[in-house]
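Below: the structure, in structure tokens.
Below, chain A is the first sequence line, B the second, and so on; all start at residue 1.
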Amino acid sequence: MSDHSHDYPSFNHPAPVPLLFVVFGALIFLTVATVVTSNIELGEFGFIVAMIIATMKAFLVCAFFMHMWWDKGFNVLVFFSSLLFVSLFIGMTLLDTGSYKETIDAFPTTEESSLSTTEY
Amino acid sequence: MAVADTTDHHDHDHDHHDHDPFIAHHFDGPQQQFDSGKLGIWLFLVTEVLFFSGLFVAYTLYRNHHPEIFELAHHHLDKVLGCLNTIVLLFSSLTMALAVRSAQTGKNKNCELYTLITMVCATIFLGVKAVEYSHKWDLGIFPKYGFNYTPGHHEMGFLGLSPYLIKLSAIPALLLASFAGASVMGKLTDKPAQFKFFMGMAIMVAGYFAGVAGGVVYQNAVDSGHAHLAMSSSPLQLHAATFEENGQHHSHQHSDQHSEGQGHEGGEEHGDDHHDQRHEGSGESMPKSVGAFFSIYYCMTGLHAIHIIGGIVALAWIYYRSQQGHWREDYFGPVDYVGLYWHLVDLIWIYLFPLLYLID
Amino acid sequence: MATAEIRNKIFSTPETNYLNCTKGWKSWAFTLDHKRIGVMYLVGVSIALFLAGIFALVLRSHLVKFDSGMLSYDNYNKMFTLHGAVMVFSFIIPSIPAALGNFVLPMMLGAKDVAFPRMNLASFYLWIAGTSCLLMAILFGGGLDTGWTFYTPYSIETETGVIYATFGAFILGFSSIFTGLNFLVTVNTMRSPGQTWFKLPLFLWSLYATSIIQVLATPVLGITLLMLIAEKTMHIGIFDPRYGGDPVLFQHFFWFYSHPAVYIMILPAMGVISELISVYSQKRIFGYSFIAFSSVAIALLGFLVWGHHMFTSGQSPIVTLIFSAITFTVAIPSAVKVFNWLATLFKGSILLNTPMLFALSFIFLFGIGGLTGLFLGALSTDIHLHDTYFVVAHFHFVMVGGTLTALLGGLFHWWPKMFGRMYNDALGRISCALVFIGFNVTFFPQFVMGARGMPRRYASYDPEFQIFHQISTFGAFVLGIGILMAYVVLVYAAFKGPRCGSNPFRAASMEWQSSSPPDFHNFIHQPTMNDPYDFDSQVYDEELDTFIPREFADPDKLPARPEPVHH
């Protein structure tokens, strides 16, 4: 992929300039696409589309702008392991908080009278 | 079996004879230094991702539990400005990637230019953000507690600008003045390095005002177009009827109750007769509860903006070192690391944009 | 083979070492040397330990009588909060990794320094800033009375210095991240030639696992505390129920960090114990790879069990069940370690000196602490035991009986390396006995009290518990004297103790191949890469009166290598 006509140190992989511009073009295209799709009524599906497009953009940025394509496997693993823990965090919390949502939602109303007497 | 090298040790006077100034003494060579730095910055990005994750959790929860708030609230956010900012950030990512490439190939001049463009894009982003924020504050759109939405309520300051925007711009104005001054001083005292560096810094800060100008022009155009509609800040007029109704409700509230604390109470009693089937007995008044979205919005975009500012500081350092001509084919690590950080800031925005601006 | 001259140059006590190679306070304040930073960290965390220890003794003194008037109830709340917050954030979390780990980790790798020395120094100054901020809560914020957990909604309502304290903890989090990040990179990229992952001393495996947690979990604490500050100042309505927020969500956020943080506290201690048990049994560690992987397993499982702190918080039953089940699985890697330590002791030539006694105390106390954790992980018993002294006793058995004991053991083990001087072993053993007895007298009665229903964090209590509290208070003072004595023995040795050789304990890991105290660059030669648990690789040298690697020994006097033990 990179121009090895020149003798760079083994850890140096300059990204080809045309590739960077192509990636930028694709990113702009996807940005416009996500705005356009958001104006179309897709219901539940709209969120999924937006996330898929965002993930495609994220992939392009990671792979080429961030040089992951040429990077060590370990570094890539390190970065993506963070997503695993984020999903764990979101998943477990979401699994739980739904069950007592009604109590939380009712609280400001039930406390309304006591609130108005305090300085809060 | 190691051979004991006992000939010339104990050089505590730190004279690293013919030692490369850019390779730290505790590393074996450029390769080890680069690998260490690279793993280090990736790990740092991991901490950044997890740092933001808390806000993403809050976002997911509140969106899951109160989708109606998100439906309503995001129409306060301007898709056009958001999209513009996204493109600015993406472009800055491109120039950052080009800066890294220039450093990798040892072209310090190019690296300097690309770094400057990246910084200018960053400040344009912040300028636009400042317009977005101040416009919302004008309308009383604050985080949860202070949320006191009053459509059409525009406090006019100097030149018809929002007073909030003027306050926000005070620090950049000061910075611009001092950078320009330092640059002129450098010119007068014949210090070309100082002149060049602070010239770049002044250009960088000027980007903020370009962003502000663009944002204000756009915002005024939008406002004059829809001055009497409740949700004037949105170019989209979805649910316009509902909003207008809310708008009346709000101006009523605003007229008899000015303080924020009482506004909460007042919003409550009005909220009940205004009950919408989407608020399934939550008992919260709609306007006040919309504040929850803006709490999350301000936390997420605010934290992101702080990261942009941090990135600008790091980029200024890269800019300075490019001017000093430090980068070589076997020493470009700092540009690469700052670049990775910058792309991460971009990555987070790539998700924030659809999550906050494009909810449907 | 090396000549006597070379041998003496490498292993004899050097005239210039890292302690005296440069002079003046600036040479310490701006040092980038991991050894000096480690020593400064050690001084810092020890001050935090004594400060928080004094808070603990004040608490225990107050509790001698059931209706004691020694402290007002408000001051009692502030006292236990500060005890907890300072102990957790300023002492235990940085204690072993940042003090001992900083000193030992690069040397165990045969490296000159950690990968990012400036970041290492920054970590220390962040520690100072964070701890000062935490203590500013007392001076300017009117104390802190939320408990170290800062639970909402009380932490939002209270008038005390929550913002100071949370900001302090936020900064301390960054200090911890910097240390962890540094260690991960150092172990990954700066190992000696030929030092594969499975030739690393187990202390490094445990530090590595610790660092994984520090890097992954601590940022979540950062954002949690920032959101708490935002909630307190701007009422963003995320945690505050009055504005539609979810206070239990705060507990999720907090424990997503703080449960893994419990393993930040205990994993390095386990690593220290793996070293001590092996060296003082002069026997290859049993089940090396099991101990190594159990560290990583504990680190990863630690992320899956945070909900067991919230069984009574209103958490949903299904989530509670899941967390309870996973909690029990943590017992497996922990038990794997304990069994392997015991198996290492079996038929070893055990030397009962001070560090070994601390290590044996650790196994005993950690055993109790770990097993009582099972009662708390079980849903039905936890409902009864939650928020009682049983919990207090449980985590003190793990944190004090575990981490503090291991820290002291590790200090006694590496002290001759750090300062080149030997301590008085008899006094050291007495201090260990005092710590062990005092600790058990303090916390054993608390199990009984807790099981009988004595709630934690109460300033006054039912008279029937008074006798337990009195025993506990007596033990606390014995424990305090024991810790103080250990420190006196060590500090005296650092200045006045007899000189000792480079490797007085016949340890085989690489840090013992440097002189004592080490050179500024750690090694003045290329250290030989041995198996860290092959003690036959070290032979006694009469001239130097210490153990040196076989490769450097006088070939004429070199004893025959025993038949390799089957392993």
Side-chain angles (χ1 to χ4, degrees), chain B residues 1-6 9-14 24-28 31-44 46-58 61-62 65-66 69 142-147 260 264 282 284 288-289 291-292 294-296 298-299 302-303, chain C residues 1-3 5-7 9-10 14 16 21-22 32 106 111-117 119 177 180-182 184-186 188-190 215-220 222-224 226-227 230-231 234-238 240 243-246 249 252-253 256 519-521 524-529 551-552:
Chain B
M1 152 98 216
V3 179
D5 165 30
T6 55
H9 55 271
H10 286 193
D11 50 339
H12 295 305
D13 42 351
H14 293 282
H25 82 281
H26 59 285
F27 287 119
D28 294 340
Q31 166 96 49
Q32 194 187 33
Q33 171 161 308
F34 179 78
D35 286 347
S36 300
K38 192 97 173 184
L39 179 59
I41 192 72
W42 278 117
L43 284 167
F44 178 71
V46 166
T47 68
E48 287 288 359
V49 169
L50 279 144
F51 194 66
F52 272 94
S53 75
L55 292 171
F56 281 102
V57 171
L61 289 186
Y62 282 87
H65 296 164
H66 300 281
I69 289 175
F142 289 106
K144 190 84 192 232
Y145 174 71
F147 188 78
E260 288 161 349
H264 174 75
S282 66
E284 287 173 323
K288 196 74 188 170
S289 62
F294 286 101
S295 292
I296 293 169
Y298 284 123
C299 283
L303 196 63
Chain C
M1 289 287 165
T3 64
E5 193 194 350
I6 292 175
R7 196 158 56 229
K9 198 144 204 171
I10 296 174
T16 52
C21 65
T22 48
L32 297 180
K112 284 187 189 138
D113 209 324
V114 290
F116 309 116
M119 194 186 222
I177 290 175
L181 202 158
N182 231 329
L184 285 179
V185 175
T186 310
N188 260 297
T189 60
M190 297 182 70
V215 164
L216 283 170
T218 317
V220 176
I223 193 68
T224 309
L226 274 192
M227 283 163 82
E231 186 75 80
M234 293 183 286
H235 301 292
I236 54 174
I238 289 175
D240 189 345
Y243 301 105
D246 178 351
L249 182 63
H252 278 294
F253 273 60
F256 185 84
D519 180 68
F520 174 74
H521 289 297
I524 58 176
H525 64 299
Q526 176 68 46
T528 52
M529 181 50 235
E551 287 82 352
F552 289 97

Result of checking B:Thr47, B:Val49, B:Val46 against C:Pro219 for side chain to side chain contact (heavy atoms under 4.5 Å, CB included) =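 Of the listed residues B:Thr47, B:Val49, B:Val46, the side chain to side chain contact (heavy atoms under 4.5 Å, CB included) partner of C:Pro219 is B:Thr47.
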ask   = Only one of C:Leu216, C:Asn182, C:Leu184 clears side chain to side chain contact (heavy atoms under 4.5 Å, CB included) with B:Leu43; which?
value =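 Among the candidates, only C:Leu184 passes.
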Heavy-atom pairs under 4.5 Å with chain B, option from [options] with the top count:
options                      : result
C:Gly180, C:Gly222, C:Pro106 : C:Gly222
C:Ala217, C:Ala230, C:Pro117 : C:Pro117
C:Asn188, C:Asp240, C:Val185 : C:Val185

Closest contact, heavy atoms only, C:Met190 versus B:His26 =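 Minimum heavy-atom separation between C:Met190 and B:His26: CE-O, 3.4 Å.
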ask   = Closest approach of C:Val220 and B:Leu50, non-hydrogen atoms and distance?
value =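 Of all heavy-atom pairs spanning C:Val220 and B:Leu50, the closest is CG2-O, 3.8 Å.
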query = Does B:Leu55 have any side chain to side chain contact (heavy atoms under 4.5 Å, CB included) partners at least two apart in sequence or in another chain, and if so, which?
reply =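 If we apply the side chain to side chain contact (heavy atoms under 4.5 Å, CB included) test to B:Leu55, skipping adjacent residues, the hits are B:Cys299, B:Met300, B:Leu303, C:Ile223, C:Met227.
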task = Could you have a look at B:Gly54, B:Ser295, B:Ser36 and say which one has the most heavy-atom pairs with chain C under 4.5 angstrom?
result =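 Sorted descending by pairs with chain C, the first entry is B:Ser36.
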key: chain C interface, residue from B:Trp42, B:Phe44, B:Tyr62, B:Phe27 that has the most non-hydrogen pairs under 4.5 Å   =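 Most heavy-atom pairs under 4.5 Å with chain C: B:Tyr62.
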ask   = C:Ile236 and B:Tyr298: side chain to side chain contact (heavy atoms under 4.5 Å, CB included), yes or no, with the steps?
value = CA-CA 9 Å; C:Ile236 54 174; B:Tyr298 284 123; over 6 Å; no
task = Return the set of residues passing salt bridge (charged side-chain N to carboxylate O under 4.0 Å, His left out) with C:Asp246 (not counting sequence neighbours), or none when no residue passes.
result =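 In terms of salt bridge (charged side-chain N to carboxylate O under 4.0 Å, His left out), with neighbours along the sequence ignored, C:Asp246 is linked to no residue.
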Which atoms of [X] approach chain B - backbone, side chain, both or neither, heavy atom under 4.5 Å:
X        : answer
C:Leu32  : neither
C:Leu181 : both
C:Ile177 : side chain

task = Indicate the ring-plane relationship of C:His521 and B:His25, choosing parallel, tilted or perpendicular according to the 30° and 60° boundaries.
result =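 Perpendicular: the ring planes of C:His521 and B:His25 meet at over 60°.
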